[in-house]
Amino acid sequence: MDFLTTKGAHVLVLGTLTGMTIHTSFVTGIIQFKALPRLMFGNLQSKQFPIYFAISSLGSLYLTYSTARIGGIPIAEAFSKLRTNDDALQVVLMGASAVGAFLNWFIIGPKSTRVMFERHRLEKAGEPVPSAMNKQFGRLHGISSLLNLGLVLTCISHSLWVGKKWQ
């Protein structure tokens with residue numbers, strides 16, 4: 001299996017992650033939001049996003065590792081080499097995106113889903129949804145969206161870096 005190299009796996013994971021994040025964030029999410037009733041949209045996303053966050057987390061974690069390995073930068077030394085080494089910057093950016101993806105997978109996403117389902121329950125029962133609950137959901141959703149946007153931008157930046165580095 002000498003066709004399986006770190007660089008080959010890196011390109012495969014990067015392409016998959018970049019395509020998935022762009023497609024989920026800017027194509028399917030928008031189509032689903034416009035086409036589905038709000039409760040159905042929320043239910044669908046509650047099933048879709050744990051898988052999306054898992055793939056995002058594991059993919060960006062692998063890319064952090066492989067970027068460090070390919071660039072010859074020990075992950076622990078990446079911060080100290082930021083100003084002088086483009087490879088170190090890519091390790092740090094991808095590592096930060098991995099942290100954000102893991103936060104979405106294990107903390108922000110589940111909290112957001114719990115609040116959303118509580119809102120759904122109140123709406124179905126004909127009870128008013130407290131404004132504090134709406135604010136909490138908005139805050140969680142906003143944090144999740146910003147973390148995800150960071151991953152999208154990091155994937156795009158990293159793709160450009162790979163194109164320049166490996167030409």
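Here, residue 1 is the first one in the sequence, and each next residue gets the next number.
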Self-check item: Name of the residue among Leu153, Leu151, Leu147 meeting side-chain contact (heavy atoms from CB on, under 4.5 Å) with Leu149
Solution: Leu153
Quiz item: Would you say the side chain of Ile107 lies within less than 4.5 Å of the side chain of Phe102, judging by non-hydrogen atoms?
Solution: no
Quiz item: For His158 and Thr67, does a side-chain donor sit closer than 3.5 Å to a side-chain acceptor?
Solution: yes
Practice problem: Would you mind reporting whether Phe26 and Thr21 have side-chain heavy atoms less than 4.5 Å apart? | Solution: no
Quiz item: With hydrophobic residues grouped by side-chain heavy-atom distances under 4.5 Å, do Val99 and Val91 end up in a single group?
Solution: no
Quiz item: If you measure from NZ on Lys7 to OG on Ser66, what distance do you get to the nearest 0.5 Å?
Solution: 11.5 Å
Exercise. Please name the pair of heavy atoms, one in Ala78 and one in Ile73, separated by the smallest distance, quoted to 0.1 Å.
Key: CA-CG2, 3.9 Å
Self-check item: Atom pair CD/OG1 of Gln32 and Thr24 - distance to nearest 0.5 Å
Solution: 8.5 Å
Practice problem: Taking all heavy atoms of Gly72 and all of Pro74, pick out the closest pair and write down the distance. | Solution: O-CD, 3.6 Å
Quiz item: Linking I/L/V/M/F/W/Y whenever any side-chain heavy atoms sit under 4.5 Å apart, do Val13 and Ile70 land together?
Solution: yes
Quiz prompt | For the student: nearest non-hydrogen atoms of Val152 and Ser25, plus distance | solution = CG2-OG, 3.9 Å
Quiz prompt | Sequence neighbours excluded - salt bridge (charged side-chain N to carboxylate O under 4.0 Å, His left out) pairs with any residue from residues 25-48 | solution = Arg38-Glu123
Quiz prompt | Thr64 to Ala98 - nearest heavy-atom pair and separation | solution = OG1-CB, 4.2 Å
Quiz item: Just how far is it from atom NE2 of His141 to atom CD of Gln45, taken to the nearest 0.5 Å?
Solution: 6.5 Å
Quiz item: Are any non-hydrogen side-chain atoms of Phe106 and Lys111 less than 4.5 angstrom apart?
Solution: no
Practice problem: Check the pair Thr28, Gln48 against side chain to side chain contact (heavy atoms under 4.5 Å, CB included), reporting the backbone distance first and the verdict last. | Solution: CA-CA 11 Å; Thr28 58; Gln48 177 182 340; 4.1 Å; yes
Exercise. Taking atom NZ of Lys81 as the centre, report whether more than 12 heavy atoms of other residues, nucleotides or ligands fall under 6.0 Å from it.
Key: yes
Quiz item: Do the side chains of Ile156 and Ile22 get nearer than 4.5 Å, heavy atoms only?
Solution: yes
Quiz item: So how far is it from Leu103 CG to Ser144 OG, rounded to the nearest 0.5 Å?
Solution: 10.0 Å
Exercise. For residues Tyr65 and Arg69, determine if any side-chain heavy atom of one lies less than 4.5 Å from a side-chain heavy atom of the other.
Key: yes
Quiz prompt | Trp161 side, atom CH2; Thr154 side, atom OG1 - distance, nearest 0.5 Å | solution = 13.0 Å
Quiz item: Are any of the side-chain nitrogens in Lys165 or Asp86 under 4.0 Å away from the carboxylate oxygens of its partner?
Solution: no
Quiz item: Does Ile51 share a hydrophobic cluster with Leu58, counting links as ILVMFWY side-chain heavy atoms below 4.5 Å and allowing steps through other members?
Solution: yes
Practice problem: Would you sort out whether Leu122 and Arg119 count as a side chain to side chain contact (heavy atoms under 4.5 Å, CB included), showing the intermediate values? | Solution: CA-CA 5 Å; Leu122 291 172; Arg119 284 174 54 186; 5.8 Å; no
Practice problem: Could you check Gln90 against Ser157 for side chain to side chain contact (heavy atoms under 4.5 Å, CB included), going step by step and ending with a plain yes or no? | Solution: CA-CA 9 Å; Gln90 290 300 313; Ser157 164; 3.6 Å; yes
Quiz item: Are Tyr62 and Val162 connected, step by step, through hydrophobic side chains (Ile, Leu, Val, Met, Phe, Trp, Tyr) whose heavy atoms are closer than 4.5 Å?
Solution: yes
Quiz item: Taking a hydrophobic cluster as the set of Ile, Leu, Val, Met, Phe, Trp and Tyr residues connected by side-chain heavy atoms closer than 4.5 Å, whether directly or through intermediates, do Leu17 and Phe53 fall within one such cluster?
Solution: yes
Quiz item: Looking at residues at least two apart in the chain, or sitting in another chain, which of them share a side-chain hydrogen bond (donor to acceptor under 3.5 Å, both in side chains) with Asn43?
Solution: none
Quiz item: Can any side-chain N or O of Ser60 pair as donor or acceptor with the backbone N or O of Ser57 at less than 3.5 Å?
Solution: yes
Practice problem: Given side chain to side chain contact (heavy atoms under 4.5 Å, CB included), test Ser56 with Trp105 step by step and report yes or no. | Solution: CA-CA 9 Å; Ser56 297; Trp105 186 14; over 6 Å; no
Quiz item: Would you call the rings of Phe41 and Phe33 parallel, tilted or perpendicular, where under 30° means parallel and over 60° means perpendicular?
Solution: perpendicular
Quiz item: Going from SG on Cys155 to CG on Leu14, what distance comes out if it is rounded to the nearest 0.5 angstrom?
Solution: 6.0 Å
Exercise. Step through the shown structure and confirm whether more than 12 heavy atoms of other residues, nucleotides or ligands are within 6.0 Å of NE2 on His120.
Key: yes
Quiz item: Does a side chain donor of either Asn148 or Tyr52 reach within less than 3.5 Å of an acceptor in the other side chain?
Solution: yes
Practice problem: Provide the closest heavy-atom pair for Gly150 versus Ser97 in the form atom of the first, atom of the second, distance. | Solution: O-OG, 3.7 Å
Self-check item: Residues in side-chain hydrogen bond (donor to acceptor under 3.5 Å, both in side chains) contact with Ser46, at least two apart in sequence or another chain
Solution: none
Self-check item: Closest contact, heavy atoms only, Ala68 versus Ile75
Solution: CB-CG1, 3.6 Å
